[in-house]
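The structure under discussion appears below in the form of structure tokens.
FYI, side chains are in, hydrogens and waters are out, and symmetry mates aren't considered; it's all heavy atoms of this structure. Below, chain A is the first sequence line, B the second, and so on; all start at residue 1. Fair warning: this is a prediction, and the values are worked out from it, not measured in the lab.
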Amino acid sequence: MSVDVTLKDGSVQSFDRPPFGLEIADNIGKSLAKKAVAIRVNGDLVDLTRPIERDAIVEIVTRDTREGLDLLRHDAAHVLAEAAKELFPETQVTIGPSVENGFYYDFARDAPFTPEELERMEERMREIVNRDEQIVREVWGRQEAIEYFRGIGEEYKTRIIEDLPRDEVITIYRQGDFVDLCRGPHLPSTGRLGKAFKLTKLAGAYWRGDSSNEMLQRVYGTAWSGEKELKAYLRQLEEAEKRDHRRLGKHLDLFHFQEEAPGSVFWHPKGWTAIQTLIRYMRAKVLESGYEEVNTPDMMDRSLWEASGHWEAFGENMFTSDTDKDRTLAMKPMNCPGAVQIFNNRLRSYRELPLRLAEFGKVHRFEPSGALLGLMRVRSFIQDDGHTFCTESQITGESKRFCQLVREVYRDLGFDDIHIKFADRPPKRVGDDSIWDTAEKALEEAAIATGLDYTLNPGEGAFYGPKLEFVLRDAIGRDWQCGTLQVDLNLPHRLGAYYIAEDSDKHTPVLLHRAVLGSFERFLGILLEHHAGALPFWLAPVQVMIATIVSDADDYALELAESLRLHGVRLDVDLRNEKISYKVREHSEMKVPVMLILGRSEAEERTVTVRRFGTKKQENLAFDDTVETLARAAGEAPRSAFRTNTP
RNA sequence: GCCCAUAUAGCUCAGUCGGUAGAGCACUCCCUUGGUAAGGGAGAGGCCAUUGGUUCGAGUCCAGUUAUGGGCACCA
């Protein structure tokens with residue numbers, strides 16, 4: 001019996017018996033064999049140690065590919081499980097997949113692991129790698145597997161097997177004395193894992209991801225194809241930590257949190273300036289896009305929330321007040337019911353549609369304590385909210401208009417890498433399928449019209465309608481979901497909204513909920529991390545710092561400051577008795593976009609030395625030119641503004 | 001909400017075996033007027049998150065609470 005395998009380059013290797021992936025790799029080259037982690041046989045990933053029984057098209061998968069790395073990480077999880085079982089035999093294993101940047105394994109045991117035990121497990125993992133144990137695949141009978149795992153007290157593994165489909169082939173991987181249920185494939189031996197891994201953290205995690213189940217002990221680790229990659233990853237973590245908006249918020253004196261108001265921000269003057277600048281910008285953009293701005297009450301009677309359905313669905317996350325003994329008032333977690341009241345306040349004609357109401361409303365949500373995270377997840381925040389009342393046939397046009405707005409805003413704010421997620425009908429929903437058809441088609445058409453990438457999230461829509469979600473990628477490659485467009489086929493009806501159509505009858509409008517930035521608080525957090533704290537000129541709380549070299553220049557500095565201030569430039573003056581290098585250092589650390597440096601010669605010649613953030617270059621300008629340039633920059637739209645922080 | 005960790009000066013952090021709290025930066029004052037990332041000196045600043053317990057004695061050990069962080073669950 002002979003087997004021919006065809007390689008990626010079209011060449012063929014012939015064997016007179018079923019070959020192993022390892023042999024094929026070896027025939028191609030030693031270095032490839034060294035990097036190989038699996039082989040792709042007619043499209044399926046297969047162990048390097050498994051014979052290839054018949055002719056096939058094959059491709060060696062190496063550790064430096066996406067798939068190879070996943071496999072490597074999965075192996076790391078197995079080695080971790082082996083280490084845990086050796087050290088703590090009473091611990092039960094459950095599941096251990098590869099994840100982005102690494103892997104984890106969930107264990108069941110009475111007491112959580114301690115940080116010391118984490119270290120011991122990592123040491124043991126290195127021993128297991130050094131032992132270079134063969135990893136052997138075996139096919140077992142279903143009953144045999146259940147009895148085996150039950151016999152050794154592995155209840156979770158037993159349950160996993162019991163829940164597998166009847167016809168599933170049960171495969172077992174054996175490495176040393178450790179035997180685990182696994183689909184595979186795996187490396188030929190533990191030695192191939194290499195040294196580029198590290199256990200990183202301990203966490204609790206619910207069995208099967210369900211909070212009503214017991215909590216397991218999760219051990220996270222990271223693993224890479226080589227030590228260079230591991231180091232690069234650890235460096236990247238450090239970089240992300242430096243950009244952490246919580247650190248920057250403190251350092252740049254933007255905001256703080258304190259115990260008395262968990263999840264709510266104390267905005268300092270500089271932080272609030274940035275927020276207000278963002279709001280001003282968004283206000284101009286939405287007015288330009290055909291919205292009118294409204295404002296609705298922060299607290300409204302419980303009955304309204306019952307009518308809207310919020311009380312039942314989200315009541316547990318709403319703050320309430322019983323100051324008035326006779327009624328319960330609730331803080332708004334969303335602005336939409338208020339917007340509907342404005343729509344309902346008088347009879348509406350179809351001629352008014354689409355009616356676009358924008359609201360920069362502050363909402364309060366009682367988020368679970370464990371969910372709070374700096375500015376990213378808070379209990380009260382300002383939304384750049386908007387509600388459009390329209391007819392079914394207007395959904396497409398309105399959606400396109402909104403997608404256009406989102407694109408412009410994101411581009412203005414410096415985000416060019418954007419994609420859209422389209423969430424269509426969930427199994428449980430309200431409304432006829434025909435109107436879902438219309439709504440989904442409208443959103444999809446609008447998404448396509450943007451020319452941006454979009455992906456389908458099947459069944460992820462809200463019960464009241466499908467939605468688009470706008471995701472942007474920041475400077476260090478992280479994705480943030482910010483904008484959203486949701487069609488609501490439910491709320492207008494629930495709150496009795498209607499308009500008089502051409503046929504003189506009452507019709508229920510469709511409501512579009514939409515936000516571009518989402519929450520101003522969170523978006524500023526994203527901007528801070530994106531820019532590593534160095535906000536662009538138009539957004540910087542302090543745009544210009546005037547620093548003197550000698551006190552003889554003080555009067556001149558104050559004159560320049562006054563002139564710039566009159567032209568709308570946000571600035572500070574540093575007349576302190578300090579050396580100029582000291583001042584430069586300090587204001588550079590505060591990431592002020594422009595420093596104007598004044599010494600004796602500037603004062604005498606009525607010039608200004610300009611130093612922009614991120615560069616050491618100095619520029620000497622006349623007094624009037626400086627004022628004019630900076631005044632123009634301060635008045636300009638964000639995108640075209642004085643780009644000072646991109647050297 | 002659940003699991004784990006953490007909480008010391010405005011900030012970043014040290015504090016051994018339980019014996020009355022320390023550094024650097026920032027701040028105030030003095031000297032220095034110096035040309036592009038830290039000039040020098042002096043001073044002030046702490047109910048060691050909070051409540052209780054153990055102890056002759058607690059920043060330190062134990063328990064509760066709160067907040068924060070990392071995860072899980074949640075995210076209208």
Side-chain angles (χ1 to χ4, degrees), chain A residues 99 104 106 109 111-115 117-118 200-220 237 241 244 246-247 250-253 256-263 305 308-318 332-337 363 365-374 376-379 383 462-464 467 481 484 486 488 490-491 513 518-519 522 547-554 575-590 595-602 609-613 615-620:
Chain A
V99 291
Y104 67 78
D106 283 347
R109 68 204 310 265
F113 290 111
T114 63
E117 287 170 337
L118 185 77
T200 51
K201 53 200 170 195
L202 294 166
Y206 299 107
W207 164 240
R208 292 192 161 145
D210 183 338
S211 60
S212 58
N213 287 339
E214 66 273 31
M215 185 152 279
L216 306 173
Q217 300 306 321
R218 177 170 296 181
V219 178
Y220 276 97
L237 286 186
E241 206 178 309
D244 190 314
R246 291 166 296 197
R247 178 185 288 251
K250 218 180 259 178
H251 184 68
L252 303 178
D253 193 19
H256 83 270
F257 288 92
Q258 66 187 48
E259 233 175 288
E260 290 81 355
W305 301 107
S308 71
H310 289 91
W311 191 264
E312 197 199 339
F314 316 112
E316 286 189 355
N317 295 308
M318 287 167 67
K332 62 177 173 187
M334 295 172 68
N335 299 301
C336 40
V363 295
R365 300 176 180 181
F366 186 67
E367 300 285 0
S369 57
L372 302 178
L373 180 69
M376 299 307 184
R377 189 87 179 265
V378 288
R379 284 186 175 156
Q383 282 185 308
F463 73 92
Y464 51 77
K467 62 182 171 187
Q481 194 220 296
T484 171
Q486 306 189 11
D488 191 335
N490 178 246
L491 192 66
H513 307 256
S519 139
R522 177 168 176 270
T548 51
I549 297 169
V550 291
S551 50
D552 287 350
D554 287 2
L575 303 180
R576 289 176 306 172
N577 175 15
E578 295 292 351
K579 289 212 156 103
I580 193 59
S581 48
Y582 181 91
K583 296 186 182 181
V584 166
R585 177 187 157 84
E586 195 166 286
H587 304 309
S588 298
E589 281 200 340
M590 294 304 276
M595 254 184 270
L596 302 181
I597 301 200
L598 307 178
R600 199 165 281 127
S601 63
E602 283 84 355
T609 298
V610 181
R611 180 190 167 122
R612 300 176 183 194
F613 182 80
T615 167
K616 291 187 174 177
K617 248 186 356 205
Q618 299 169 38
E619 234 181 308
N620 199 259

Choose from [options] the nucleotide whose nearest atom is closest to any side-chain atom of [X].
| X | options | result |
| --- | --- | --- |
| A:I580 | B:G35, B:A37, B:A76 | B:G35 |
| A:S588 | B:G70, B:U36, B:A37 | B:A37 |
| A:L372 | B:U68, B:A76, B:G35 | B:U68 |
| A:R377 | B:G35, B:A67, B:C74 | B:C74 |

For [N] and [M], measure between their [atom1] atoms and round to the nearest Å.
| N | M | atom1 | answer |
| --- | --- | --- | --- |
| B:U60 | B:U50 | P | 11 Å |
| B:U20 | B:U66 | C1' | 28 Å |
| B:C74 | B:U16 | C1' | 44 Å |
| B:C2 | B:U65 | P | 9 Å |
| B:G10 | B:C3 | C1' | 33 Å |
| B:G69 | B:C30 | C1' | 43 Å |
| B:G43 | B:C4 | C1' | 43 Å |
| B:C11 | B:C27 | C1' | 12 Å |

Which part of the nucleic acid, if any, lies within reach of [X] when heavy atoms closer than 4.0 Å are counted: base, sugar-phosphate only, or nothing?
| X | value |
| --- | --- |
| A:R218 | sugar-phosphate |
| A:N317 | base |
| A:T548 | nothing |
| A:E602 | base |
| A:G374 | sugar-phosphate |
| A:G209 | sugar-phosphate |
| A:G263 | sugar-phosphate |

Check whether any side-chain N or O of A:R600 sits under 4.0 Å from OP1 or OP2 of B:G34, and answer yes or no.
-> yes
Give a yes/no on whether any side-chain N or O of A:R246 is located under 4.0 angstrom from OP1 or OP2 of B:G69.
-> yes
Could you check how far [atom1] of [X] sits from [atom2] of [N], rounded to whole Å?
| X | N | atom1 | atom2 | value |
| --- | --- | --- | --- | --- |
| A:E316 | B:A73 | CD | P | 19 Å |
| A:E589 | B:A37 | CD | C1' | 8 Å |
| A:Q481 | B:A76 | CD | C1' | 13 Å |
| A:R365 | B:C74 | CZ | P | 16 Å |
| A:N213 | B:C74 | CG | C1' | 16 Å |
| A:R208 | B:A73 | CZ | C1' | 17 Å |
| A:Y104 | B:G70 | OH | P | 19 Å |
| A:E367 | B:A67 | CD | P | 15 Å |

Tell me, please, whether A:F113 has A:R109 positioned over its six-membered ring: NZ or CZ under 6.0 Å from the ring centre and within 45 degrees of its axis?
-> yes
Enter the distance from [X]:[atom1] to [Y]:[atom2] here, rounded to the nearest 0.5 Å.
| X | Y | atom1 | atom2 | result |
| --- | --- | --- | --- | --- |
| A:R585 | A:E578 | CZ | CD | 12.5 Å |
| A:S308 | A:N490 | OG | CG | 9.5 Å |
| A:K332 | A:M318 | NZ | CE | 12.0 Å |
| A:L596 | A:E619 | CG | CD | 10.5 Å |
| A:K583 | A:I549 | NZ | CD1 | 8.5 Å |
| A:M590 | A:M595 | CE | CE | 11.5 Å |

Side chain to side chain, [X] and [Y], heavy atoms closer than 4.5 Å:
| X | Y | result |
| --- | --- | --- |
| A:F257 | A:V378 | yes |
| A:W207 | A:M215 | no |
| A:F613 | A:H587 | no |
| A:Q217 | A:D106 | no |

Establish, from distance only, whether the side-chain atoms of [X] and [Y] form a donor-acceptor pair under 3.5 Å.
| X | Y | result |
| --- | --- | --- |
| A:R208 | A:Y206 | no |
| A:T609 | A:E602 | yes |
| A:H256 | A:Q258 | yes |

Where does the angle between the aromatic ring planes of A:W305 and A:H310 fall among parallel (under 30°), tilted (30 to 60°) and perpendicular (over 60°)?
-> perpendicular
A:E316 atom CD, neighbour heavy-atom count above 12 within 6.0 Å = no
For A:E214, does the CD atom have more than 12 heavy-atom neighbours from other residues, nucleotides or ligands under 6.0 Å away?
-> yes
Would you call A:R246 and A:D244 a salt bridge, using N to O less than 4.0 angstrom?
->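 Salt bridge: yes.
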Heavy-atom pair with the smallest gap, counting every atom of A:P337 and A:L491 =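 Heavy-atom minimum between the residues: N-CD2, 4.5 Å.
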What pairs with A:N317 under side chain to side chain contact (heavy atoms under 4.5 Å, CB included), at least two apart in sequence or on another chain?
->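 Per chain and number, A:N317 pairs via side chain to side chain contact (heavy atoms under 4.5 Å, CB included) with no residue.
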Between A:I597 and A:M318, which is nearer to the 5' end of RNA chain B once each is assigned its nearest nucleotide?
-> A:I597
Starting at the 5' end of RNA chain B, which residue's closest nucleotide do you reach first, A:Q618 or A:F257?
-> A:Q618
Below 3.5 Å is the cut-off: list the nitrogen or oxygen pairs between protein and nucleotides 23-29 of chain B, distance only.
| from | atom 1 | to | atom 2 | distance (Å) |
| --- | --- | --- | --- | --- |
| B:A26 | OP1 | A:Y582 | OH | 2.6 |

Determine whether any donor atom in the side chain of A:S601 lies under 3.5 Å from an acceptor atom in the base of B:G35, or the reverse, and answer yes or no.
->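 Such a pair exists between side chain and base.
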Please write out the pairs of protein N or O atoms and N or O atoms of nucleotides 42-45 of chain B separated by less than 3.5 Å, giving the distance to one decimal.
none

Once each nucleotide of nucleotides 6-13 of chain B is scored for protein heavy atoms under 4.0 Å, what B/S/- sequence comes out, 5' to 3'?
-> -----SS-
Give every pair of a protein N or O atom and an N or O atom of nucleotides 1-5 of chain B that lie under 3.5 Å apart, one pair per line with the distance.
| from | atom 1 | to | atom 2 | distance (Å) |
| --- | --- | --- | --- | --- |
| B:G1 | OP2 | A:S369 | OG | 2.3 |
| B:G1 | N7 | A:G370 | N | 3.2 |
| B:G1 | N2 | A:Y206 | OH | 2.4 |
| B:C2 | O4' | A:Y206 | OH | 3.4 |
| B:C3 | O2' | A:Q217 | OE1 | 3.4 |
| B:C3 | O2 | A:G204 | N | 3.3 |

So what is the 5' to 3' dot-bracket string for RNA chain B, if pairs are Watson-Crick or G-U wobble with both distances under 3.5 Å, crossing pairs use [ ] and | means the partner sits on another strand?
-> (((((((..((((.....[..)))).(((((.......))))).....(((((..]....))))))))))))....
